[in-house]
2 protein chains.
Amino acid sequence: MRLLLVEDDRLLAEGLTSQLEKAGFSVDITHTAKEAVVLGKQEDYKAGVLDLGLPDGNGLDVLRKWRSSKVTFPVLILTARGDWQDKVNGLKAGADDYLAKPFQTEELIARLNAIMRRSEGRVHSTVKVGRFELDENRQCLQIEDGTEHSLTGTEFRLLRCLMGRPGHIFSKEQLMEQLYNLNESPNENIIEAYIRRLRKLVGAETIATRRGQGYLFNDSV
Amino acid sequence: MRLLLVEDDRLLAEGLTSQLEKAGFSVDITHTAKEAVVLGKQEDYKAGVLDLGLPDGNGLDVLRKWRSSKVTFPVLILTARGDWQDKVNGLKAGADDYLAKPFQTEELIARLNAIMRRSEGRVHSTVKVGRFELDENRQCLQIEDGTEHSLTGTEFRLLRCLMGRPGHIFSKEQLMEQLYNLNESPNENIIEAYIRRLRKLVGAETIATRRGQGYLFNDSV
DNA sequence: CCGGATTTTCAGAAAGAGTTCAGGTTCGTG
DNA sequence: CACGAACCTGAACTCTTTCTGAAAATCCGG
């Protein structure tokens, strides 16, 4: 059970490490964001514990860099007490859980076990259609020619819907339901606008229009 | 409109039920996961509402059991506020939508209607006559030689009418009634115009004219 | 509060579907 | 066999839907 602990407070890091080792983990420590990024990419950890308050850069950036380079092990972030914003941002950036300082080591261990258990069943999930591959974790689109495009949130949700069922016609109303909830309902033209953007990525022929019916993702080719 | 409500909080369940019934649903309640699994498999519901926090087993397991035994009605899951993980897992396990507690009953009803509407189109229905197959979902015509033509709305409605009863003679007046409602009544020549377009797809011999009587779709070959 | 990214809106252009029209053709009947 | 009614045909026209590019509004992190 290899763990990466990213924590600049050396005293805390030492203490944690000894307890984690007692609990059966094998722990690598690093104190800097820079090293954390490299280690995370290089080594094969089963989980990471990441303090967000680092001297040489933000912990969130470390997490984002990991996630954008296919580092998929579960990450628990440590935040200052009550720092609600950090917590939210952390989860958005791909963290699996968080713990506010100060905390009991038992709780950290319990949560680490929890996120590791959860992550076991987690596949690096991608949707593949023709020469396109949509990466759900990284929210980006890879094309067979080797190019890769990161998508904005709305672009991604729309494309996932279409690619999730290639050949199926989705009406604009259905797509609206997928992208927006009941209280927010923008102009229907918004679908057309996003379809256009996606077509610039995947090519116009890949997303077909069925006039009066809707749109579909072409599974052939 | 039969619904299954799986909710262990009896008070909440009662309240919801009375409101759902006002909205025109007929609701079965169960408080346990065990019973939920059985009922879902046994009865013919149009949708399900599933609370993930159940005493005797996880709501997700109920959903998984349903889905792995071909229970296909749409399911909306109720999660504790902000329980981000539950929501994600729920959707992965086959839920159609989710709602975080606490919620407005109106929103629940709206979403139920939405997922039920969406699920209607899930059955794949086609009409097959001779070497032609009309796909009602995709509104397109497949021919035995492998070609496929997507149809416009009016083309499709007319062809479905003819193919729905091969060999039967439909008068122009009957066809007009099928295609248009009372307030819109275009030139009668419109039928001839569309028959012509269809013949270009299926071949002139496939749609026969009975002078003075009407048209029919040839079932022989 | 600023600057960049993202989302949303808008309005004119383009394309497509639906409809009409003006002959031409065919058929049945007297 | 001549005539009218019914039907066929191709093109033109109208109206709706979709496309498109740009601008405005909003969100978000610093």
Side-chain angles (χ1 to χ4, degrees), chain A residues 52-53 57-65 68 83-93 139-140 149-159 169-173 175-176 178-181 183-216, chain B residues 139-140 149-159 169-176 178-181 183-216:
Chain A
L52 291 189
N58 192 286
L60 282 179
D61 289 335
V62 174
L63 182 53
R64 288 203 193 93
K65 276 174 191 155
S68 70
D83 198 333
W84 173 78
Q85 196 58 47
D86 264 6
K87 168 196 139 188
V88 173
N89 291 337
L91 293 176
K92 277 190 191 167
Q139 196 170 307
C140 72
H149 304 89
S150 69
L151 303 170
T152 74
T154 312
E155 286 168 355
F156 173 74
R157 295 202 302 282
L158 178 55
L159 188 56
I169 299 173
F170 293 90
S171 71
K172 274 196 283 207
E173 291 71 27
L175 295 172
M176 286 292 278
Q178 292 289 323
L179 300 192
Y180 305 95
N181 59 37
N183 17 344
E184 50 179 1
S185 50
N187 195 313
E188 281 227 347
N189 182 255
I190 193 77
I191 298 293
E192 293 162 26
Y194 271 103
I195 288 284
R196 173 160 174 68
R197 287 197 201 162
L198 290 179
R199 278 178 174 158
K200 280 184 178 167
L201 286 181
V202 301
E205 69 288 355
T206 309
I207 299 178
T209 305
R210 287 279 179 277
R211 211 155 235 270
Q213 305 174 69
Y215 299 92
L216 64 94
Chain B
Q139 196 172 305
C140 71
H149 303 91
S150 70
L151 304 170
T152 74
T154 312
E155 286 169 355
F156 173 74
R157 295 201 301 281
L158 179 54
L159 188 56
I169 300 174
F170 293 90
S171 71
K172 273 196 284 204
E173 291 71 27
Q174 284 176 317
L175 295 172
M176 286 292 278
Q178 292 291 322
L179 301 192
Y180 304 96
N181 58 37
N183 21 343
E184 51 180 0
S185 48
N187 195 314
E188 281 226 349
N189 182 254
I190 193 81
I191 298 294
E192 294 164 25
Y194 271 104
I195 288 286
R196 170 158 177 70
R197 290 189 193 177
L198 290 180
R199 278 177 174 158
K200 279 184 178 167
L201 284 180
V202 299
E205 69 289 355
T206 309
I207 299 178
T209 306
R210 287 281 179 276
R211 203 159 238 270
Q213 305 175 68
Y215 300 91
L216 64 91

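Letters go in sequence order (proteins before strands), and every chain restarts at 1.
- For the pair B:Glu188 CD and C:dC21 P, the computed distance is 14 Å after rounding to whole Å.
- Across all strands shown, A:Phe156 has no heavy atoms under 4.0 Å from either base or sugar-phosphate atoms.
- Between the side chain of A:Glu192 and the backbone N or O of A:Asn189 there is no donor-acceptor pair closer than 3.5 Å.
- Here the P atom of nucleotide C:dT8 and the CD1 atom of A:Ile195 are 15 Å apart, to the nearest Å.
- The shortest distance between the side-chain N/O atoms of A:Arg199 and the OP1/OP2 oxygens of D:dC19 is below 4.0 Å.
- Taking side-chain N and O atoms only, A:Lys200 has no distance below 4.0 Å to OP1 or OP2 of D:dT20.
- For the pair B:Ile191 CD1 and C:dT20 P, the interatomic distance rounds to 11 Å; values are reported in whole Å.
- Counting to the nearest Å, the P atom of D:dT17 and the CG atom of A:Leu175 are 17 Å from each other.
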Under 3.5 Å donor-acceptor pairs involving side-chain atoms of residues 198-214 of chain A, not counting sequence neighbours:
from, atom 1, to, atom 2, distance (Å)
A:Arg199, NE, A:Ile207, O, 3.0
A:Arg199, NH2, A:Ile207, O, 2.9
A:Arg199, NH2, A:Thr209, OG1, 2.6
A:Thr206, OG1, A:Val202, O, 2.8

Point to revise | Annotated protein contacts, base or backbone, on nucleotides 11-19 of chain C with a non-hydrogen cut-off under 4.0 Å, one of B, S, - each | key: B---BBSBB
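- One distance of note links CZ of B:Arg197 with CG of B:Leu158; it measures 11.5 Å at 0.5 Å rounding.
- Contact between A:Met176 and A:Pro186 at its shortest, heavy atoms only, is CE-O, 3.3 Å.
- Taking 4.5 Å as the limit, some side-chain heavy atom of B:Tyr180 sits within range of a side-chain heavy atom of B:Ile190.
- By the 4.5 Å heavy-atom criterion applied to side chains, B:Leu175 and B:Tyr194 are not counted as neighbours.
- Counting to the nearest Å, the C1' atom of C:dT26 and the CZ atom of B:Arg210 are 15 Å from each other.
- The phosphate of D:dT17 has neither OP1 nor OP2 within less than 4.0 Å of any side-chain N or O from A:Lys172.
- Straight-line distance from the CD atom of A:Gln139 to the P atom of C:dA5: 16 Å, rounded to whole Å.
- Residue A:Tyr215 places none of its side-chain N or O atoms closer than 4.0 Å to OP1 or OP2 of D:dT17.
- Side-chain contact between A:Glu173 and A:Glu188 is present, with at least one heavy-atom pair separated by less than 4.5 Å.
- Put simply, NE2 on A:His149 is 16 Å from P on C:dA5, counting in whole angstrom units.
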